[in-house]
Number of protein chains: 2
Amino acid sequence: MPTKGDLTKQRILDVARELFYKKGFDATSTAEIARGASISEAAMYKYYKSKRDLLTASVQPTHFVEDTSDYSTLTNNELVQCWTALFLEKVEKNLPQYMILFGESVKYPELSETYLATFHKETLADIEVQKRIKTGHFPKLDMTLMQVGMIGALIAMIQHLVIYKKHDDLNSVPPKVKEVISSIISGKFFN
Amino acid sequence: MPTKGDLTKQRILDVARELFYKKGFDATSTAEIARGASISEAAMYKYYKSKRDLLTASVQPTHFVEDTSDYSTLTNNELVQCWTALFLEKVEKNLPQYMILFGESVKYPELSETYLATFHKETLADIEVQKRIKTGHFPKLDMTLMQVGMIGALIAMIQHLVIYKKHDDLNSVPPKVKEVISSIISGKFFN
DNA sequence: GTCTATATCGCGATAGAC
DNA sequence: GTCTATCGCGATATAGAC
């Protein structure tokens with residue numbers, strides 16, 4: 001059972017994550033976080049010893065996607081659809097973390113460790129794709145790099161729609177964006 | 001002929017752009033820019049009346065891509081290849097500007113005006129693609145959104161490779177990245 | 001056109017009482 | 001576990017001499 005302290009710590013983290021992904025790390029002040037969490041700055045520093053500490057904590061995944069299916073019997077096309085859906089679900093469920101990671105990793109490279117250590121676990125669908133690449137059923141392609149690109153594309157499109165007020169929340173993936181991604185990945189476009 | 005002042009102004013701008021895209025706007029101080037341009041901060045403020053001013057100036061395009069071909073006779077596949085090559089060339093030649101734009105636009109939405117006003121001019125290849133979408137030769141797709149996604153993907157992949165030291169310069173597009181983009185766009189993958 | 005000096009502010013972080 | 005008060009610093013921007 002969580003103590004009062006645990007709850008406070010969690011509340012601070014939730015506020016920090018929210019601010020980091022909406023305003024960016026540099027533009028968020030510790031005073032703002034403390035205010036949001038209804039606590040003094042001094043008290044906050046008992047839970048997290050620095051702002052950087054809070055950044056690291058804020059990119060840890062909060063939701064996980066189950067992936068226990070057997071993909072070996074699927075056609076290439078079915079596999080791709082499953083793989084994409086799985087990938088999108090994982091990203092969508094942890095979108096704030098992905099946005100912080102991709103926005104701040106150049107400046108704070110230690111964050112990228114989190115990406116590889118916790119987000120880029122290979123799913124069964126990934127492994128099946130890798131296998132088919134090896135056997136020549138898919139062309140050779142760096143899957144990690146490709147996933148990085150897909151996330152970059154997703155985030156850029158969401159931000160674009162938010163800036164032009166065609167979408168009002170950074171924390172969900174608009175249908176239009178999913179549409180573009182699916183079209184491109186499945187090769188429906190330009191063929 | 002450029003006066004001494006013109007040259008100084010240009011030098012300040014070049015240094016600022018370089019720092020903004022490598023370190024980010026917030027993390028770059030005006031002192032740093034002035035030092036890099038071998039001038040005092042006070043003098044710098046005679047040329048640009050604020051740091052934000054400098055940000056706006058730093059995202060203006062510096063290189064332009066000629067596009068005078070006639071694309072109407074090309075096959076779909078040839079058109080796609082031309083379109084992608086043209087697009088990549090434009091992005092690569094103005095990569096610092098794109099990186100600043102895509103990194104800072106959420107925080108400073110006035111920047112996005114620059115994107116639509118100066119970078120997103122429709123090329124002849126774009127127009128030909130649009131035409132074929134209308135006539136049903138390509139599936140319906142928001143081309144602006146798609147280009148935003150492609151740039152986001154490109155930048156994310158470059159940053160990833162730089163962070164993991166597989167590429168050493170934010171200012172060029174590694175062959176691996178071009179490879180992934182071309183594969184995806186041309187629909188060679190997953191088909 | 002450029003400088004030195006400085007105003008003013010907000011930031012991250014801490015001291016120490018309760 | 002939480003607070004008020006404050007330190008020290010570096011930031012943007014300006015005043016005014018040369």
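Numbers restart at 1 for each chain; the letters A, B, ... are given by sequence-line order, proteins then strands. No hydrogens, no waters, no symmetry mates; every other heavy atom, side chains included, goes into these values.
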S.K.: Rounded off to whole Å, could you give me the CZ-to-P distance for the A/Arg52 and C/dC11 pair?
M.R.: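 Rounded to whole Å, this separation is 18 Å.
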S.K.: Any side-chain N or O of A/Lys46 below 4.0 angstrom from OP1/OP2 of D/dG1?
M.R.: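 The answer is no; no side-chain N or O of A/Lys46 sits under 4.0 Å from OP1 or OP2.
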S.K.: Let me know the distance between CE of A/Met44 and P of D/dC3, rounded to the nearest Å.
M.R.: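 Rounded to whole Å, this separation is 12 Å.
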S.K.: Rounded to whole Å, please give me the gap between CZ in B/Phe20 and C1' in D/dT12.
M.R.: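 Between C1' of D/dT12 and CZ of B/Phe20: 12 Å.
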S.K.: Which nucleotide in the set D/dT12, C/dC3, C/dA15 lies at the smallest distance from any side-chain heavy atom of A/Ala42?
M.R.: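 From the listed options, C/dA15 comes nearest.
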S.K.: Rounded to whole Å, how long is the line connecting atom OH of B/Tyr48 with atom C1' of C/dG1?
M.R.: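 That distance rounds to 15 Å.
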S.K.: Whole-Å distance between C/dG10 C1' and A/Arg35 CZ?
M.R.: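 After rounding, the gap between these two atoms is 12 Å.
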S.K.: Report the residue (B/Tyr47 or A/Lys51) whose heavy-atom-nearest nucleotide on DNA chain C is the more 5′ of the two.
M.R.: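 It is B/Tyr47, whose closest nucleotide lies nearer the 5' terminus.
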S.K.: Measuring to OP1 and OP2 of D/dA13, would you say a side-chain N or O of B/Tyr45 lies under 4.0 angstrom away?
M.R.: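 Affirmative; the distance criterion is met.
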S.K.: Decide salt bridge (Lys or Arg N to Asp or Glu O under 4.0 Å) for A/Lys176 and A/Glu179; before the verdict, give the C-alpha distance in whole Å, the side-chain angles of both, and the deciding distance to 0.1 Å.
M.R.: CA-CA 5 Å; A/Lys176 244 186 146 176; A/Glu179 218 173 87; over 6 Å; no
S.K.: Quickly work out the B/Leu19 CG to D/dA11 P distance and round it to whole Å.
M.R.: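 It works out to 13 Å between those atoms.
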S.K.: Determine, using ring centers only, whether A/Tyr115 and A/Phe102 are less than 6.0 Å apart.
M.R.: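 Under 6.0 Å, so yes.
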S.K.: Side-chain N or O of A/Lys4 less than 4.0 angstrom from OP1 or OP2 on D/dT2?
M.R.: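 Yes.
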S.K.: With sugar-phosphate meaning primed atoms plus P, OP1 and OP2, does B/Thr28 contact a base, only sugar-phosphate, or nothing at under 4.0 Å between heavy atoms?
M.R.: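 Sugar-phosphate, no base atom in range.
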S.K.: Under 4.0 Å between a side-chain N/O of A/Thr8 and OP1 or OP2 of D/dT2, yes or no?
M.R.: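 Looking at the OP1 and OP2 atoms of D/dT2, one of them is under 4.0 Å from a side-chain N or O of A/Thr8.
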S.K.: Decide if atom CD of B/Glu110 counts as having more than 12 heavy atoms of other residues, nucleotides or ligands within a radius under 6.0 Å.
M.R.: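 More than 12 heavy atoms, drawn from other residues, nucleotides or ligands, come within 6.0 Å of this atom.
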S.K.: Quick one: is D/dT2 close enough that its OP1 or OP2 comes under 4.0 Å of any side-chain N or O from A/Ser40?
M.R.: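 Checking A/Ser40 against D/dT2: no side-chain N or O falls below 4.0 Å of OP1 or OP2.
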S.K.: B/Glu41 has an atom CD; how far is it from atom P of C/dA7, in whole Å?
M.R.: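 The answer, rounded to whole Å, is 16 Å.
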S.K.: Let me know the distance between NZ of A/Lys49 and P of C/dT14, rounded to the nearest Å.
M.R.: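 Answer to the nearest Å: 10 Å.
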S.K.: Could you tell me how the ring of B/Trp83 sits relative to the ring of B/Phe87: parallel (under 30°), tilted (30 to 60°) or perpendicular (over 60°)?
M.R.: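 Taking B/Phe87 first and then B/Trp83, their aromatic rings lie parallel (interplane angle under 30°).
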S.K.: Less than 4.0 angstrom from a charged side-chain N to a carboxylate O is my criterion; do B/Asp67 and B/Lys90 meet it?
M.R.: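 Looking at B/Lys90 together with B/Asp67, the answer is no, because their closest N to O distance does not fall below 4.0 Å.
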